[in-house]
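Remember, predicted model here, so these are calculated numbers, not experimental data. These values consider heavy atoms only, across backbone and side chains, with no hydrogens, waters or symmetry-generated copies.
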Amino acid sequence: MSLTLQVLHREEFESRTFRALAGAGAMGVLAAIALRVHVHVEPGFFAVVAAALAGARPSAGYALALRSALLVLPIVPLLLELPEPLPQGLAAAITAALVAWLGNGREGAGTPLQVGASALAAMVTAPLGLYVRQVMETRFLPGTGVLSTLLGFGVMGLFWSVGTLPANLALHLDAVTARGSTLVGALEGEVRELVERALGLYRQCMDVVKKLPASAGRGELQKVLSTLAQEAFSLAESHAALESQLDAISQGDVDAQVRELRERAAQTQDGLARRQLELAASSLGEELNRLDTLTRRRERMLAQLHAQVAQLERARVSFIGVQGSELSAKGEQAVQLARKLSALGQEAAPEESASVPQPPQGTRNVS
């Protein structure tokens, strides 16, 4: 097993960072205006709260409660008369925890590990942001102008948003699980459902294997299960790449162009011009033939992915049919089960290739 740190929903984190910067910057402008009337707005608190309010995307049904909590709860550390910058750090921790919990923009709430890690990270980054703000104001933009205030509040918003990064991190002890989780977030439609199914089956089987005592049979079982899952994920990746290629080309448009060229060639009186139009139509006809081949290849990959997920399902059923106590008592049974699963994966290959029609040879004739 390998330790893998995975970044989840990277676009979500980037979007939250930009929104947090915008919220903190807007608060910085208001703070600069307030200074004109001799009202000091403390950036360590107001910048963090503004960044959290702008960066949060509340889960359905929790918008009002979450935004109310982001406004009220960070005030509590300021009332405890703690030495600075501890109140600002605690305020940042509270807001980061709330955003990681119910403001991450996803349907599900953040895990306790993500919430706790985000709170600890923000508790460290917020005081660091205060220090960086002070250094920048002292050396580069001294004074109380709009630019200086805007920069100071923007720095606080940036450091707070960095503290929310753990909400988008996942730690895996298994590289196969990490790869499958990444694919689930990147794919759509039927292929995503198949990858989710394959990942779930792999986890179920591995949970059973982990309960076995260390032996050669256990290692072989892990290797076979990893191979079955990795092959499913590779098929899903190849299918997604091919899907993007086909989406970039409209077969109907190409077909229409071929018909138009052939019609124009038939109406052209000049022999050379007619020959050039026919060559152009023939070239596009070859492109249509290539699209047909790619379409059949996509269908073949999807069929293979279904078959691979079925193999994982058969593997799970095989585990159900074997008593765990028997495997623990005799490691040879684990070896036999591993070989059986390996044979299941190998026997599917010829069946899949035989059931999928081969693409036609030659150029497609479009009339």
Side-chain angles (χ1 to χ4, degrees), residues 11-58 63 66-105 118-168:
E11 296 81 3
E12 171 194 299
F13 171 72
E14 294 172 351
S15 175
R16 181 170 64 242
T17 299
F18 283 120
R19 295 196 309 273
L21 284 172
M27 181 57 68
V29 174
L30 295 177
I33 297 174
L35 284 175
R36 298 293 183 181
V37 294
H38 307 288
V39 176
H40 176 68
V41 178
E42 203 282 316
F45 171 77
F46 287 97
V48 164
V49 172
L53 287 172
R57 283 188 174 178
L66 178 63
R67 298 196 183 281
S68 299
L70 289 173
L71 283 171
V72 175
L73 294 182
I75 301 176
V76 176
L78 301 180
L79 305 176
L80 299 179
E81 299 182 356
L82 298 172
E84 293 189 358
L86 191 56
Q88 292 86 347
L90 289 174
I94 292 172
T95 54
L98 290 172
V99 170
W101 180 29
L102 294 174
N104 52 34
S118 296
L120 290 176
M123 191 173 181
V124 174
T125 58
L128 183 60
L130 282 172
Y131 174 75
V132 172
R133 179 188 69 85
Q134 293 173 359
V135 172
M136 295 184 68
E137 288 183 351
T138 301
R139 295 187 177 182
F140 304 106
L141 291 173
T144 57
V146 175
L147 184 58
S148 176
T149 306
L150 180 62
L151 178 63
F153 276 70
V155 168
M156 287 302 302
L158 175 62
F159 275 79
W160 174 86
S161 63
V162 171
T164 64
L165 179 59
N168 294 83

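Between the Thr95 side chain and the Leu70 main chain, no donor and acceptor come within less than 3.5 Å of each other. For Arg19 (side chain) and Ala54 (main-chain N/O), a donor-acceptor pair under 3.5 Å exists by modelled atom type.
Taking both residues in full, the closest heavy atoms of Ala167 and Arg16 are given as CB-NH2, 4.4 Å, listed atom of the first, atom of the second, then distance. Here the shortest heavy-atom pairing between Ala100 and Ser118 reads CB-OG, 3.6 Å. The shortest non-hydrogen separation linking Pro166 to Val162 is CD-O, 4.3 Å. When all heavy atoms of Gly129 and Met156 are compared, the pair lying nearest together is C-SD, 3.5 Å. The two atoms that bring Ala63 and Pro58 nearest to each other are CA-CB, 3.5 Å, heavy atoms only. Considering every non-hydrogen atom in both Pro127 and Pro85, the closest pair reads CB-CG, 3.6 Å.
Distance check, rounded to the nearest 0.5 Å: CG of Leu66 to CG of Leu53 gives 8.5 Å. Summarising the geometry, atom CD belonging to Glu137 is positioned 7.0 Å from atom OG1 belonging to Thr149; distances are rounded to the nearest 0.5 Å. Here the CZ-CG distance, from Arg57 to Leu102, works out to 15.5 Å after rounding to the nearest 0.5 Å. To the nearest 0.5 Å, atom CG of residue Leu21 and atom CZ of residue Phe153 are 14.0 Å apart. Taking CD of Glu84 as the start and CD of Glu42 as the end, the distance is 6.5 Å to the nearest 0.5 Å. Leu98 CG to Ser68 OG: the interatomic distance, rounded to the nearest 0.5 Å, is 11.0 Å.
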Trace of the side-chain contact (heavy atoms from CB on, under 4.5 Å) decision for Val41 with Leu30: CA-CA 9 Å; Val41 178; Leu30 295 177; over 6 Å; no

Stepwise side-chain contact (heavy atoms from CB on, under 4.5 Å) check, Asn104 with Glu12: CA-CA 8 Å; Asn104 52 34; Glu12 171 194 299; 3.8 Å; yes

Test side-chain contact (heavy atoms from CB on, under 4.5 Å) applied to Met123 and Leu86, step by step: CA-CA 8 Å; Met123 191 173 181; Leu86 191 56; 3.6 Å; yes

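Within a 6.0 Å sphere centred on CD of Glu11, heavy atoms belonging to other residues, nucleotides or ligands number more than 12.
Here the side chains of Ile75 and Phe45 are in contact, with some heavy-atom distance below 4.5 Å. Counting heavy atoms from C-beta outward, Ile94 and Pro77 have side chains that approach closer than 4.5 Å.
The side-chain contact (heavy atoms from CB on, under 4.5 Å) test applied to Val29 returns Ile33, Leu150, not counting sequence neighbours. Residues passing the side-chain contact (heavy atoms from CB on, under 4.5 Å) test with Ala22, sequence neighbours excluded: none.
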